[in-house]
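Submitted below is the structure of interest, expressed as structure tokens.
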Amino acid sequence: MRLILLGPPGAGKGTQASRLVAKYGIVQLSTGDMLRAAVKAGTEVGLKAKAVMDAGQLVSDDIVIGVVADRIVEADCAKGFILDGFPRTVPQAEALTSMLRSKGMKLDAVIELKVDEDALVRRMESRVAETQAAGGQVRADDNPESFKKRLTEYREKTAPLSNYYAGTGELRTVDGMLPIDQVSVEIATILGA
Ligand code: AP5
């Protein structure tokens, strides 16, 4: 199974991707996690990405497309994968389409989680509070200024992907305002399992 989870920051992509990993035994490819790992490891990609990510902006298409292209050919992706946070721009979606076509692969679904902006801000604030309470490290982009920029980037660059995938007939929409368990049920219904 090959899926894309689309949605604004805080929509629940990571939450639902983890559940799908447990259910279907396929891998979660979160470009955000991959980039954060690259930043932590101080790789060339990480050095280029850090300031851009901290400011809530999107990392360049070339970098992210390269990261995904290298990752989806690894052995653990043979059974399928969930793309969480990729694609995020129309050029990324076009690159993915040609990547998959060249490998004879098809997507099973593109699932968009729809959540009101006010709720997204509250979720980010709760995540910060919970992380702090647990003594963890708050994400450098989970602050009001960067989050506002992340929402703007989403509106301007990622929201057009709904039209892109509506055009390919692969788009399915889920009400991401529902409780987490209910969102999982809606996704399972779409996937027919
Ligand atoms: P990334 O790591 O992808 O972050 P994001 O898209 O901003 O999303 P989040 O991880 O904040 O939210 P989520 O949708 O996964 O929600 P979650 O499940 O955590 O990207 C970070 C940065 O990396 C980007 O800004 C960019 O710089 C760079 N980047 C990454 N990919 C890129 C790309 N393709 N191109 C260019 N740059 C890229 O849930 C959030 C919270 O809400 C949690 O606390 C959760 O418990 C709660 N929650 C979840 N679902 C529900 C629910 N239904 N009801 C109530 N609470 C809920």
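Atoms within each ligand, like the ligands themselves, are counted from 1 in listed order.
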Inset, instruction - Going by the side chain to side chain donor-acceptor pair (under 3.5 Å) test, name the single residue among D61, T31, T158 that passes it with Q92. - result: D61

Legend entry - Under the side chain to side chain contact (heavy atoms under 4.5 Å, CB included) test, residues paired with E94 that sit two or more places apart: V90, Y164

Inset, instruction - Would you please write out the protein residues whose heavy atoms approach any atom of ligand 1 to under 4.0 angstrom, listed by chain and number? - result: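 For ligand 1, the contacting residues are P8, P9, G10, A11, G12, K13, G14, T15, T31, G32, L35, R36, M53, Q57, L58, V59, V64, G85, F86, R88, Q92, R123, R127, R139, D141, R150, G176, L178, P179, I180, V183.
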
Inset, instruction - Would you sort out whether V183 and L113 count as a side-chain contact (heavy atoms from CB on, under 4.5 Å), showing the intermediate values? - result: CA-CA 9 Å; V183 174; L113 303 176; 3.9 Å; yes

Considering only distance and modelled atom types, tabulate donor-acceptor pairs under 3.5 Å from the side chains of residues 71-81, sequence neighbours left out.
from	atom 1	to	atom 2	distance (Å)
R71	NH1	E74	OE1	3.3
R71	NH1	D76	OD1	2.9
R71	NH2	D76	OD2	2.7

Legend entry - Listed partners of K114 passing side chain to side chain contact (heavy atoms under 4.5 Å, CB included), at least two apart: E112, T173

Legend entry - Pairing of K40 and D33 as salt bridge, 4.0 angstrom limit: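 Salt bridge between K40 and D33, a charged N being under 4.0 Å from a carboxylate O: no.
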
